[in-house]
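Below, all heavy atoms of this structure are taken into account, side chains as well, without hydrogens, waters or symmetry copies.
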Amino acid sequence: MSSDAEVINSQAERTIRAIFEHAARISREQKIEELVRLNADFARDLIGADRCSLWLIDTAKDELWTKIAHGVAPLHIPMGQGLIGACVRDNQVLLVNNAAEESRLLRKVDASSGYRTEQVLCVPLRAEGEVIGGLQLLNKPTGFTETDAGLLGLLAHFAASAIDSERLRQEAEGARLMKHELDLAHEVQARMLPDQPTGLDRLECVGFCRPARSIGGDYYDLIPFSDGQFALTLGDVAGKGIPAAVMMASIQTLLRSLLKRGVNDLAAVLTALNDSLVESSKPGRFSTLLCGVISSDRKLFSYANAGHIPPLLMHADGRLERLLEADCPVAVMPSMSYHQATAALEPGDTLVIVSDGIVEARNREGDFWDEAEIDRVLLAHREAPLQQLPELLCAAVDNFAAGAAQHDDMTVVAVRIGSQG
């Protein structure tokens, strides 16, 4: 790897780590004012700006006001004025690296404070599809970039969520707040699930997740590599709600970064992931995880299993094989050793991985679904298109549950090896 690539990877890893630690920190903070301050300070420091301000809309007065502003007293400006006003009014990101030539700059603020604005980056704050304000950074010596805008947009999502939670607490009962938090957790989970890769050489794949009402932390990923290898992951974070969803999103981001640095040693990937999580996550939070790679010649499946349900390999001739090698879940304790195992693949083989929402489904009497039923469903539908397998499994679970509530996410990842073209 070139030195430039190493620097980029190092910077990306530091950024991911910083965002993960920030997400963990704000998940523990209960005071809204402190949450807003933490988000503003982190946005300024992560991007390397001099100041940050968070502006909210006051519809009654038709103005914007600062919930927090570094270096100045609280500010109030008419709606639509200044760069932040244009950002909020038009619901768009504004990036200005030469403020001296920007006609929309609100120069009276500089004149009254003695500050000199040279660069500005503004992003809208959105909650439930509505713009509620904006986040503004001032003065970065090297100038703001599109990457900075993307990072600030992510942090604006955290900030808007915190502010909207405050609004809900002020105007609604606890049930409505709970619904909002579940919707937010669903949104985080849905945003992190990947698109279905297509056009793969001698390989079909499908990923499917049906969230429960009391959302868990299931996550999966499907990653094709330029050399023909294909990585797949499926994990389940312990717990429910926003903390589980935040940890799920953080694990998936860090895991994808680690896999893109190399997939030859999956044990080392899980060890590095585990060490990062132990350092950054709250005690009691952990995740099961299956991480695997299919070779470019489609003859070998390499995998490392951190306490997840064993994958099921259905061979083309109908033989079923459970891949039983497994270690401890990630984020339980530091300095864990993980192991990589392999399984031979042949054309027509189908690999299926499920979450415990499938194997631990219950009916109205509280009876658990028999895990052997997975074997029956797969064998009964050996010739079915791969894209139908997740729905067939979930339909079998629903038939057993007979109307009982779904208590955990149901997630299925499946791949089928094609024949040599």
Roughly how far, to the nearest 0.5 Å, is the CD1 atom of Ile309 from the CD atom of Glu360?
-> 6.5 Å
Determine whether Asp227 and Ser296 make a side-chain contact, defined as any pair of heavy atoms from C-beta on separated by less than 4.5 Å.
-> no
Separation between CD of Gln136 and OG of Ser53, rounded to the nearest 0.5 Å | 4.5 Å
What is the distance from atom OG1 of Thr411 to atom CZ of Arg210, rounded to the nearest 0.5 Å?
-> 10.5 Å
Output, in order, the C-alpha distance, side-chain angles, deciding distance and verdict of side-chain contact (heavy atoms from CB on, under 4.5 Å) for Leu258 and Leu273.
-> CA-CA 8 Å; Leu258 290 169; Leu273 176 67; 3.9 Å; yes
Is any side-chain N of the basic residue among Lys299 and Asp349 closer than 4.0 Å to the acidic one's carboxylate O?
-> no
Interatomic distance, CG@Asp236 vs CG@Asp408, rounded to 0.5 Å, equals 5.5 Å
Hey, could you give me the CZ/CG distance between Arg416 and Leu351, rounded to the nearest 0.5 Å?
-> 11.5 Å
Within a strict 4.5 Å, meaning less than it, do heavy atoms of the Cys291 and Leu270 side chains meet?
-> yes
Within a radius of less than 6.0 Å around CE of Met333, do more than 12 heavy atoms belonging to other residues, nucleotides or ligands occur?
-> no
Answer yes or no: is there a side-chain heavy-atom contact under 4.5 Å between Ile77 and Trp55?
-> yes
Measure the spacing between CG of Leu378 and CG of Leu320 and express it to the nearest 0.5 Å.
-> 7.0 Å
Inspect the surroundings of CD in Glu130 and state if more than 12 heavy atoms from other residues, nucleotides or ligands are less than 6.0 Å away.
-> no
Could you tell me how the ring of His76 sits relative to the ring of Trp65: parallel (under 30°), tilted (30 to 60°) or perpendicular (over 60°)?
-> parallel
Which residues share a side chain to side chain contact (heavy atoms under 4.5 Å, CB included) with Lys61, sequence neighbours left out | Asp58, Glu63
Report the C-alpha distance between Asp221 and Arg256 in whole Å, list the side-chain angles of each, state the deciding distance to 0.1 Å, and finish with yes or no for salt bridge (charged side-chain N to carboxylate O under 4.0 Å, His left out).
-> CA-CA 8 Å; Asp221 212 347; Arg256 178 174 273 254; 2.7 Å; yes
Between His308 and Val354, is there a donor-acceptor pair closer than 3.5 Å when you use the side chain of the first and the backbone of the second?
-> yes
State, to 0.1 Å, how close Val36 and Ile68 come at their nearest heavy-atom pair, and which atoms those are.
-> CG1-CG2, 3.8 Å
Donor-acceptor side-chain pairing of Asn274 and Thr271 below 3.5 angstrom = no
Check Ala396 against Val377 and note the closest heavy-atom contact, atom names and distance.
-> CB-CG2, 3.7 Å
Verify whether one side chain among His339 and Asn305 offers a donor that lies under 3.5 Å from an acceptor in the other.
-> no
Please report the shortest heavy-atom distance between Leu222 and Cys205, naming the atom on each side.
-> CD1-SG, 4.3 Å
Could you tell me whether the side chain of Thr66 and the main chain of Leu54 form a donor-acceptor pair under 3.5 Å?
-> no
State, yes or no, whether a side-chain contact exists between Tyr219 and Ser287 at a heavy-atom distance under 4.5 Å.
-> yes
Could you check if a side-chain atom of Leu313 sits within less than 4.5 angstrom of a side-chain atom of Arg322, using non-hydrogen atoms only?
-> no
Salt-bridge criterion met for Asp148 and Lys140 (N-O under 4.0 Å) = yes
In short, Pro124 meets Cys87 closest at the heavy-atom pair N-SG, 3.5 Å
Any luck finding a side-chain donor-acceptor pair between Asp297 and Ser295 under 3.5 Å?
-> yes
Could I get the full list of ring pair (Phe, Tyr, Trp, His ring centres under 6.0 Å) partners for Phe301, not counting sequence neighbours?
-> Tyr303
Would Ile223 and Leu232 count as a side-chain contact (heavy atoms from CB on, under 4.5 Å) if you check the C-alpha gap in whole Å, the side-chain angles of each, and the deciding distance to 0.1 Å?
-> CA-CA 6 Å; Ile223 312 173; Leu232 54 96; over 6 Å; no
Indicate yes or no: at least one non-hydrogen side-chain atom of Asp370 is less than 4.5 angstrom from one of Phe400.
-> no
At their closest point, which heavy atom of Gln196 faces which heavy atom of Val206, and how far apart are they?
-> OE1-CA, 3.4 Å
Take Phe225 and Lys260 through the side-chain contact (heavy atoms from CB on, under 4.5 Å) test and state the conclusion after the steps.
-> CA-CA 8 Å; Phe225 291 93; Lys260 287 192 173 183; 4.2 Å; yes
Audit row: His315, Glu346, side-chain hydrogen bond (donor to acceptor under 3.5 Å, both in side chains) steps and yes/no = CA-CA 8 Å; His315 293 281; Glu346 297 178 357; 5.4 Å; no
What do you reckon, is CG of Asp195 surrounded by more than 12 foreign heavy atoms closer than 6.0 Å?
-> no
Using a 4.5 Å cut-off on heavy atoms from C-beta on, say whether the side chain of Gln252 contacts that of Leu255.
-> no
From CA spacing to verdict: side-chain hydrogen bond (donor to acceptor under 3.5 Å, both in side chains), Asp218, Ser355 | CA-CA 7 Å; Asp218 279 14; Ser355 68; 2.9 Å; yes
Check: Arg202 side chain, Pro347 main-chain N or O, donor-acceptor pair, under 3.5 Å | no
Taking the side chain as C-beta and beyond, is there a heavy-atom pair between Leu137 and Ile47 under 4.5 Å?
-> yes
Not counting sequence neighbours, which residues clear ring pair (Phe, Tyr, Trp, His ring centres under 6.0 Å) with Phe286? List them please.
-> none
All heavy atoms of Ser302 vs all of Leu266, minimum pair found to be O-CD1, 3.4 Å
Asn363 and Trp369: side-chain contact (heavy atoms from CB on, under 4.5 Å), yes or no, with the steps?
-> CA-CA 8 Å; Asn363 61 16; Trp369 198 47; over 6 Å; no
